Amino acid sequence: MKRILLSCVFVLCAILSWGQSVVVMGKAVTMSNNFSHAKTMLINDGLSVDKTSKLNSANCVVFTNSGKYQDNILIVRLYKAAKSQKVEKIEFIFSPNGKFYRTLGTDLRKYGYVYEGSAEPDYRELHSCDNLGCGLNINEKGWMEATFLRYDN
């Protein structure tokens, strides 16, 4: 009986921890600063290109996860800097009731981001880590928008 109970706990923990945090993905993409490499990293993290998005262009690619529940849907917009192969910014859009939001604050601190205050009109909150920034907003639908960018682009 103990084995079955331990197995259930292990499986539950594995399910709850599945998937990357937006902070891990955002920091990795901005540190890489290579648009093509960033696209590959996001696909390797389980995201797929949203071929129905009207934002897709030579300078923007929209990704989504396969979230079965509304609260766990993740939309990612990767922007390329004009006339280069560098990443301009990456935006993550997700529900404030889902798993991506629950770990956001902890992960920002864990990966070295420091709260800088408000950066109105661009962001409600701004966090920085060396030459990297993370701006946080809430969109018109009430969803969280986390934008990761480099200050030296």
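None of the values given here were measured: they were computed from a predicted structure.
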So, do [X] and [Y] sit near enough that their side-chain heavy atoms are less than 4.5 Å apart?
X: S48; Y: T64; result: yes
X: L136; Y: L108; result: yes
X: Q70; Y: S95; result: no

What's the separation between atom [atom1] in [X] and atom [atom2] in [Y], rounded to the nearest 0.5 Å?
X: S57; Y: K80; atom1: OG; atom2: NZ; result: 9.0 Å
X: Y101; Y: N72; atom1: OH; atom2: CG; result: 15.0 Å
X: Y113; Y: F148; atom1: OH; atom2: CZ; result: 5.0 Å
X: N33; Y: K86; atom1: CG; atom2: NZ; result: 5.5 Å
X: L149; Y: I90; atom1: CG; atom2: CD1; result: 11.0 Å
X: F92; Y: F63; atom1: CZ; atom2: CZ; result: 10.0 Å

Indicate the atoms forming the closest heavy-atom contact of [X] with [Y], along with that distance.
X: M41; Y: A28; answer: CE-O, 3.6 Å
X: C134; Y: A146; answer: SG-CB, 4.4 Å
X: Y151; Y: H127; answer: OH-O, 4.0 Å
X: W143; Y: I73; answer: CZ3-O, 3.9 Å
X: L78; Y: V87; answer: CD1-CG1, 3.9 Å
X: R102; Y: N97; answer: NH1-O, 3.3 Å

By side-chain contact (heavy atoms from CB on, under 4.5 Å), which residues pair with N137, not counting sequence neighbours? Y123, R124, E145
Check whether any side-chain N or O of N65 sits under 3.5 Å from a backbone N or O of L74 as a donor-acceptor pair, and report yes or no. yes
Is a side-chain N or O of D50 found less than 3.5 angstrom from the main chain of T52, in a donor-acceptor match? yes
Does one hydrophobic cluster hold both L55 and I75, with members joined at side-chain heavy-atom distances below 4.5 Å? yes
Following the transitive rule for hydrophobic clusters with a side-chain heavy-atom cut-off under 4.5 Å over Ile, Leu, Val, Met, Phe, Trp and Tyr, establish whether L47 and I43 coincide in one cluster. yes
